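Some notes on the structure that comes next.
All chains are named by letter (A, B, ...) in the order of the sequence lines, taking the proteins before the strands, and each is independently numbered beginning at 1. Values in this document were obtained by computation on a predicted structure and should not be read as measured data. All values below come from the heavy atoms of this structure, side chains included, with hydrogens, waters and symmetry mates left out.
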Number of protein chains: 2
Amino acid sequence: MAGDKRLYRGIVDKILASIDAGEFPPGGRLPPERELAERYNVSRPTIREAIIALEALDRVEVKTGSGVYVVESSKGWNGIDLSISPFELTEARAMIEGEAAALAAIMITNEQLGKLELVLREMEDESPAVYENADKNFHGIIARVTGNKMLDSVIANLWYVRDNSPSVHRAYQAICETDGSVRVAEHMEIFEALKERDDKKARDAMHQHFSRIINKLMIASEKEEMEAIQRKMHESRERFSLNHLVSSR
Amino acid sequence: MAGDKRLYRGIVDKILASIDAGEFPPGGRLPPERELAERYNVSRPTIREAIIALEALDRVEVKTGSGVYVVESSKGWNGIDLSISPFELTEARAMIEGEAAALAAIMITNEQLGKLELVLREMEDESPAVYENADKNFHGIIARVTGNKMLDSVIANLWYVRDNSPSVHRAYQAICETDGSVRVAEHMEIFEALKERDDKKARDAMHQHFSRIINKLMIASEKEEMEAIQRKMHESRERFSLNHLVSSR
DNA sequence: GTCAGATAGCTGGCATTACCATTTGAAGGA
DNA sequence: TCCTTCAAATGGTAATGCCAGCTATCTGAC
């Protein structure tokens with residue numbers, strides 16, 4: 001299912017999923033190769049191949065005779081700095097993609113505008129997967145329209161961080177629940193600016209787009225912190241309720 | 001020798017060396033696994049492990065039933081796209097570092113301004129190594145001043161490409177010969193804008209800085225092309241001079 | 001004679017088994 | 001109590017066998 005062709009790739013995905021799910025905590029040890037082989041119904045060489053692939057990705061570290069350990073994700077396990085906050089990422093995106101939009105406005109062709117319009121329609125889809133993909137396509141096309149491969153690469157890198165940094169990814173997941181029509185409208189403003197070949201307007205539209213995202217992030221963040229405080233107070237109340245002293249009175 | 005512990009790592013290094021040595025040309029096919037096993041005196045599973053590691057490094061691509069092919073190095077074997085031109089990099093730097101400068105202008109502290117001033121003095125040094133380093137520091141400090149780790153990371157990535165993409169690096173080498181005082185003056189404009197906490201002025205100064213670099217790149221590029229044409233004509237002249245027909249007259 | 005289909009051989013994909021080297025921890029002795 | 005020792009666990013590697021997909025050649029029909 002997960003493995004298209006090579007079996008070991010499927011195993012890599014499954015192990016990665018187990019790591020992300022917390023079953024194999026960072027710093028902890030993976031089950032022995034023989035056990036994993038039995039668990040996934042594959043041979044031990046296949047497990048070894050998967051582990052070697054994970055090792056190449058800097059996700060695990062094998063110690064001969066001891067075991068294979070999940071690498072501490074506190075640092076940058078994939079070259080990305082996990083300490084980057086959703087706000088930092090969004091600010092950077094606003095600045096960089098804003099300039100990209102401005103440049104794209106004076107470079108874009110009618111054919112590329114057509115592509116953007118198609119993607120814009122996909123964005124109305126209710127399915128999160130479809131919408132996510134359309135969103136990525138929209139911004140990706142604009143990056144490509146600039147005709148600057150360096151810029152395109154940088155923006156691709158921003159998306160990579162967005163998808164692969166757990167904290168950032170979670171934060172973005174939390175705010176993508178709004179109904180499609182609203183966010184389609186936001187992207188529409190950008191599209192209109194590009195259509196008019198108005199670079200300043202395109203930059204502004206892009207800035208506003210990310211400004212709205214920042215706002216949503218802040219609201220979500222605030223809400224989350226409030227809940228955390230309430231949870232903590234609830235725990236304290238249970239712990240120090242002194243009910244065990246006064247209950248049987 | 002090469003393999004400290006795991007055997008497959010040694011094989012990876014050897015195959016990589018063979019690729020770099022031109023024995024396995026890019027786009028070409030590696031010898032079959034069984035042959036490699038015999039060649040390096042290891043078992044086939046070990047060869048498979050090495051190939052999987054190479055695959056994870058995007059150095060080879062395996063096609064079931066056909067063979068394993070060396071990936072075209074024209075793209076990014078080190079994550080960097082070698083096809084990025086100096087102009088593209090500089091344009092991207094102008095856009096991104098321009099925004100960074102604007103943000104830095106409203107974030108910078110007096111202490112950070114002091115650091116910049118020190119670096120500015122180093123820039124007067126005649127030694128290319130010292131000047132290069134000061135230049136990198138100057139832009140690096142500004143990136144850090146923004147307080148945005150994502151932006152800092154992106155700008156560091158731009159420098160990485162500048163230093164590691166052969167074509168870009170060569171182009172930049174060719175234009176850094178101008179006397180120090182001129183380029184110090186350019187950076188001084190940026191510094192003054194930051195000192196005044198004037199974001200627009202900082203952005204403009206940064207843009208002008210890179211605009212000048214683009215101009216130099218264009219002049220150098222033009223000159224290089226001219227020389228190439230002259231060289232070619234010279235060769236043609238020698239080849240078709242007909243001197244061998246008329247010399248002994 | 002030419003083109004399409006079949007076949008045989010390579011090539012990688014995976015499983016199985018066996019044995020070796022290192023690590024680790026617990027048992028046993030000082 | 002501490003140190004030594006040794007055995008079980010775990011990864012490391014080898015050898016072998018068979019399967020599946022691709023390729024190129026060969027063969028047959030048109």
**OP:** If the plane angle is over 60° it's perpendicular, under 30° parallel, otherwise tilted; pick one for His209(A) and His139(A).
**Re:** parallel
Give me the distances for all protein-to-nucleotides 15-25 of chain D N/O pairs that come in under 3.5 Å?
{"residue": "dG21(D)", "atom": "N2", "partner": "Gly65(B)", "partner atom": "O", "Å": "3.3"}

Original post:
Does a nitrogen or oxygen in the side chain of Thr46(B) sit under 4.0 Å from OP1 or OP2 of dG12(D)?
Top reply: no
Original post:
What is the minimum heavy-atom distance between Ala143(A) and Asp152(A), and which atoms define it?
Top reply: CB-OD1, 3.6 Å
Original post:
Can you check the Arg6(B) CZ to dT13(D) C1' distance for me, whole Å?
Top reply: 13 Å
Subject >> d(CD, Glu38(A); P, dT17(C)) in whole Å >> reply: 13 Å
**OP:** Whole angstrom is fine here: how far is it from CD1 in Ile52(B) over to C1' in dT13(D)?
**Re:** 15 Å
Original post:
Ser18(A) side chain to Lys14(A) main-chain N or O, any donor-acceptor pair under 3.5 Å?
Top reply: yes
**OP:** Compare the minimum distances between each of dT10(D), dG12(D), dG13(C) and the side chain of Arg29(A), then state the nucleotide with the smallest one.
**Re:** dT10(D)
**OP:** Check whether any side-chain heavy atom of Leu151(B) sits under 4.5 Å from a side-chain heavy atom of Ile96(B), and report yes or no.
**Re:** yes
**OP:** Name the residue closer to the 5' end of DNA chain C, choosing between Pro31(B) and Asn41(A) according to the nucleotide with the nearest heavy atom.
**Re:** Pro31(B)
Original post:
Does Arg48(A) have a side-chain nitrogen or oxygen under 4.0 Å from the phosphate oxygens OP1 or OP2 of dG12(D)?
Top reply: yes
**OP:** Would you mind reading off the distance between Ile47(A) atom CD1 and dT10(D) atom P, rounded to a whole angstrom?
**Re:** 14 Å
**OP:** Please report the shortest heavy-atom distance between Glu88(B) and Asn148(A), naming the atom on each side.
**Re:** O-ND2, 2.9 Å
Original post:
What's the CG-C1' distance between Leu36(A) and dA9(D), to the nearest Å?
Top reply: 14 Å
Subject >> Closest contact, heavy atoms only, Ile213(A) versus Tyr172(A) >> reply: CG2-OH, 4.0 Å
Subject >> Spacing of Glu35(A) atom CD relative to dT10(D) atom C1', expressed in whole Å >> reply: 11 Å
